[in-house]
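Structure record follows, encoded as structure tokens.
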Amino acid sequence: MPQAAHVFENVLGFKKWSRAHFLGNRYDVMTTNIVESLNSILMDEREYPASYIFNSIAKKFGEKFRERHAFVGGKKNIFVPSAERILRDNKSASDSLYMGNPNGVLDEYTVFGNGVTAKVNLLERSCSCRKFDLVKMSCEHAMASLRAKYDDGKDYGNSIYDYSLPIYKAESYILAYSEAINMVPLEAEWNMPQELVDTKISPPPYDPKLGRKSNALRTSVRYSSPKGGIGV
């Protein structure tokens, strides 16, 4: 284990395995797992012909868009509800923190509390806890610094949102779900170039012994019963 720790810390470096030190921004709302999330809701559609797959996707996306649009549009929050909850929790946690400004620089603060010392740079939207940098919302240390800069009041309340990324705003969310999703027209209405119509496309070689198991086997789990029989 000491050898492994040496490799992780000194050879690979923290940026290769620690989210807090990763140089990119591909987590949380910037997840790379969107494809897997989409696959999970399109299990049945995989068995459909291509045109039906696209129409089914359009139908499900249209339903989801209307649902999300109505949910956020019915609120009076500045940010979407999930982001508002995070900000409320961070604001509550910041009440127990105290801070100092040893260098006298307006946008640089040192925050103490809960056994942690954090350095905040409001100008760069950065905190040594890395939550401010990664999630792009004011962390508890940033909020304590904003309170010191603006005092309690309207300016402080507005600054919490101003120092967070605009993508969390309800208006941004509604705009993202306002696009129209078109269905695939009937095949008789397709307008295709003649060279594509004349092109013969053969299916790839197929070995039935390879690949994914049948749907019936995927949707049932067989096991041996204690009496030696087979159950489903």
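Interatomic distance, Tyr168 OH to Leu87 CG, rounded to the nearest 0.5 Å: 9.0 Å. Going from atom CZ of Phe132 over to atom OG of Ser164 covers 6.5 Å, rounded to the nearest 0.5 Å. Once rounded to the nearest 0.5 Å, the distance linking CG of Asp107 with CZ of Arg125 reads 9.0 Å. Expressed to the nearest 0.5 Å, how far CD of Glu84 lies from CE of Met137 amounts to 9.5 Å. Tyr48 contributes atom OH, which lies 11.5 Å from atom CG of Asn55 (distance to the nearest 0.5 angstrom). For the atom pair CD1 (Ile174) and CZ (Arg68), the distance works out to 13.0 Å, reported to the nearest 0.5 Å.
Judged purely by atom type and a 3.5 angstrom limit, Asn90 uses its side chain to pair as donor or acceptor with the backbone of Ser138. Judged by distance alone, the side chain of Asp133 and the main-chain N or O of Cys127 form a donor-acceptor pair under 3.5 Å. Ser128 places a side-chain N or O within donor-acceptor distance of the main-chain N or O of Lys119, the cut-off being under 3.5 Å. Using modelled atom types, no side-chain atom of Ser92 and backbone atom of Arg88 make a donor-acceptor pair closer than 3.5 Å.
The hydrophobic clustering, which links ILVMFWY residues whose side-chain heavy atoms are closer than 4.5 Å, places Leu175 and Phe65 apart. In terms of hydrophobic clustering, with Ile, Leu, Val, Met, Phe, Trp and Tyr side chains grouped at heavy-atom distances under 4.5 Å, Tyr109 and Leu123 are assigned to different clusters. By the criterion of side-chain heavy atoms lying less than 4.5 angstrom apart, applied directly or through intervening Ile, Leu, Val, Met, Phe, Trp or Tyr residues, Val116 is not grouped with Tyr98; the two fall into different hydrophobic clusters.
Listed here is the closest heavy atom pair of Leu97 and Asn114: CD2-ND2, 3.9 Å. Smallest separation of non-hydrogen atoms from Leu165 and Phe79: O-CZ, 3.9 Å.
For the salt bridge (Lys or Arg N to Asp or Glu O under 4.0 Å) test with Glu140, the passing option among Lys131, Lys91, Arg147 is Lys131; the others fail.
The shortest distance between side-chain heavy atoms of Lys59 and Ser56 does not fall below 4.5 Å.
Remark: Tyr156 OH is packed, more than 12 non-hydrogen atoms of other residues, nucleotides or ligands lying under 6.0 Å away. In this structure, Phe112 places its CZ atom where more than 12 heavy-atom neighbours from other residues, nucleotides or ligands lie under 6.0 Å away. Dense packing is recorded around OH of Tyr161, with more than 12 heavy atoms of other residues, nucleotides or ligands lying under 6.0 Å away.
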